[in-house]
Structure formats: C-alpha cells, structure tokens
Amino acid sequence: MPPIPRKHHYVPQALLKSFSPRPGTDQVFVYDKKTEKRYKTAVVNAASERDFNSVRIGEQTVNYEILFQEADNRLAIAIQELSCRRSLLQVDEQVVDDLAALVATQLVRTKIMRTSPMELSNQLSDWLDAQGLDRSQVIDDAAARKIAFAKLFELDQIVKLLRKKNIVLLVSETGGLCISDNPVVMNNSFPYGRIGLDAPGIEIYFPVSPHISLALYCPSIHEILSEAINANHPRPAPKEEFSYRLNNSLELGEPLVIDDRYCMALNELQVLQSSRFLYSSNEDFGFASAVTGRSHKAREVRSLYSIGNSPVPPAPGLPNGDWLVLEQGHCHYCLSITWLNPESVYIEFQTTELAKLDQITDSQPFESATLYRNGRGVRGMGDVVIVNTMIGPEKAFRVEHSDHALNELLRQTGENPIA
C-alpha cells in the first residue's frame, strides 16, 4: 500500500506546472503579499500545507487529499487540451462538459475557504461584544476543517449553478495571466451587483495558463448585450468594441482575445481575492505591489465577506438617490425611485420610469427586492410582487410579499425600517 500523503495542495500541481517559466521545469515564481518577498520554488512545495486536507471525526482522523486526485488528473487533461486548441469549439466535448465540475472542485479546496468561517465567526463575536451581548461560540480550526470537508458533499449543487453560466475561453496572446492560492475569482460589473455563484451579472474567472483563462458569465450578460446591440431595442448601444466581441463569443462559442489591460484587471482580482500568495511564470509582481500598496487589507485576506451593520450589502457603484433592484433567477432590474412613503411598512414608491416598470412586472413574482439609498442598502425583502396602490389622488406602487401571511405579519409589527 502506498504511503498516505501528508503534503496537501490547495492548488493542484497540474495547474501550478502550467505557470512554470519554461515547460518541464516544474518550478514557479511566488509572491508573498504579506512579506512582499518574491522567489522561485518547486511546484511540489507551492500552494501546499502539511495535513491541510485532514479532519478529525470522532476518534478518527480522515485524510481526504486522495479524493482530489481524480479531479486533478482530469484538470491536467483539460489544461493540455485548452492550451493546445485555444478554442472551446475544438476541445473534446467531454472535456468541455467537465469544466464546471473542475471549477467547482477548485472553489471548495482553497485556504480562504478554510479561514473564512473562522474570520466571520470572530467578526460576529466582536459585534456581539460591542452590543453588550454574549459572545457566540467561535469557530476554531477543527470546526473549520469539518465545514470544509462537508463542502465536498455540496459539489453537485455548485456544479449545477456553474452549468447555468455561459463559458467563454479568454486568450492572452502576450501570456500575462497569473494565479493565486485562490485561483477562481469573481467580479460583478453591474453597479448594484453582488458577489455569489447565483448572483445576477456574476463573472467567474479561472486562469489555467499564462495565455488561457476560463470565464463563466451569468446569462443576463449575454441577454443585455444582445438587446443593446439590437438597433430596434431601446437599450443604448455599447460604445466599446470589446462588448461586441464578447457578445459574439457568448453567441458562437468562439475564443475571446483579451489585451494586456484586461489581463491586468484579472490579475488584480487574483491579488484582492487571494489569501496570501500569487504564482506566475515570470518574476515581475509590480502590479501586485501596487494593488497591496493601495489596499493594505489585501496583503492577507482571511475572508472575502464581512459582517457589517446592515444586512443588505452596499452598492457603491449606484448613483446617489433611491434605487430599487429586483431579482428573478439570472434576471435583474433597477428602477429609479422619485418618492418613498415614510409611513408604509412595505416599500411603497413612485417612479417616472413607468414604461420600464410595466415591462418589469411581467416577470413577477421576484425572488428579492432591495432598496438602496445613496449606494447603501437600507431594505431587503424576499419573494415579492409589485402591486398598484394610491397615495391620496396619486398613483403609486408597493412591493409586498407574495405570501399574504407575511404581509399580515408586517402590518402587525407596524415598523418601517427605512424611516
């Protein structure tokens, strides 16, 4: 029987080898954001930790590093295919079909996935202390390991979410891409966009070589681009040539060539969303130093989420004023609000965007409605509809729950959380 491995990788060696300076060298350049040191190391020593994928269950220690071996082998095949073909249209269908599972596997195995529950637990305890309340039980390393192990049994759910995305192959002709100890990163370009696998407008990026990155886009991005490009649609046409090329790739499955500026944007996501280490085929990490110089918090990241004073995440990209954001599946809508009823327990409002509202209400019911004021989330409601109402002689609209029992509960509490 072969010995049980003790050196466990949270980034597969096959992926790290793809970022070697020269094929076959099995080395990679490393940048430590915390110490600002850069060095070259063997792939076998990078992105690894002794007994990282082990968990104590009862009286037994379970080493589950071996569970990743099959996925790592499949990833190696996928990287080779993608690097050689540089087009999803020419890659073996079985490999393309496997990409969502490979991305999902990488998502659940990282260092930041391990430290995030501990960090959020500490933040919650500190908040309870500040409120004069009893501290909650803090999640320690042993508990975090159990949480990480349990995530393996949720892989099918993550894969289902990823399969709903549109996959595009991004190609950098100059080979300027890097990865980190958290190589699957996310972005949302919408001003009210949130980060999450099921978030409308989400963009997910997974570089697999200095020249190639997978991009998984929310279907709403293609829908909005298609409408904007359609001369008969009222949505304003895109000004950037990139939008037309992206829409073409989303529609036809062709690779999308990205320039150095786009590469740098993806690399910055790697800096901001990694725990501590970056990996590259060259030793120039000046971009990383610049990012951590602007944001000292990026030097060591224990969680990509934080516990704030408001249960609704902020949307700093939204203009000042009141805005209502509605979500249904991957579809999302944003309405400018001209007036809010300060005495209503619902979200009761008026808007001048009546034609847009009329079109939006065809998609009812909505999974959520979020009210933003000057970029700050002030109210959130789930499972809602919009109904017509009257404020004196004037027509208005009300966001209420689809469940009448919840509406009755709101009326009984008689509180307006926005006032």
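Atom CZ of Arg85 has 12 or fewer neighbouring heavy atoms from other residues, nucleotides or ligands inside a 6.0 Å radius. Heavy atoms of other residues, nucleotides or ligands lying less than 6.0 angstrom from CD of Gln80 number 12 at most. Counting non-hydrogen atoms of neighbouring residues, nucleotides and ligands closer than 6.0 angstrom, the NZ atom of Lys40 exceeds 12 such neighbours.
Salt bridge status for Glu49 with Arg114: absent, with no side-chain N to carboxylate O gap under 4.0 Å. A salt bridge does not link Asp51 with Lys7: every distance from a Lys NZ or Arg NE/NH1/NH2 to an Asp or Glu carboxylate oxygen is 4.0 Å or more. The residues Asp72 and Arg109 are annotated as salt-bridged, a charged nitrogen and a carboxylate oxygen being separated by less than 4.0 angstrom. Ion pairing between Arg276 and Asp32 holds under the 4.0 Å rule for side-chain N and carboxylate O. Salt-bridge formation is detected for the pair Arg145/Asp141: a Lys NZ or Arg NE/NH1/NH2 atom is positioned less than 4.0 Å from an Asp or Glu carboxylate oxygen. A salt bridge is absent between Glu283 and Arg38: the closest approach of a Lys/Arg side-chain nitrogen to an acidic carboxylate oxygen does not fall below 4.0 angstrom.
A donor atom on one side chain and an acceptor atom on the other are not found under 3.5 Å apart for Asn182 and Ser274. Side-chain contact of Glu203 with Asn188: a donor-acceptor pair under 3.5 Å is absent, judged by distance alone. For the residue pair Ser220/His332, the side-chain donor-acceptor check at 3.5 Å is satisfied.
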- Task: Start with the C-alpha gap between Tyr64 and Phe149, add the side-chain angles, then the distance that decides, and say whether ring pair (Phe, Tyr, Trp, His ring centres under 6.0 Å) holds.
- Result: CA-CA 8 Å; Tyr64 58 93; Phe149 184 61; 5.0 Å; yes
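Using a 4.5 Å cut-off on side-chain heavy atoms (C-beta onward), Cys331 and Glu223 make contact.
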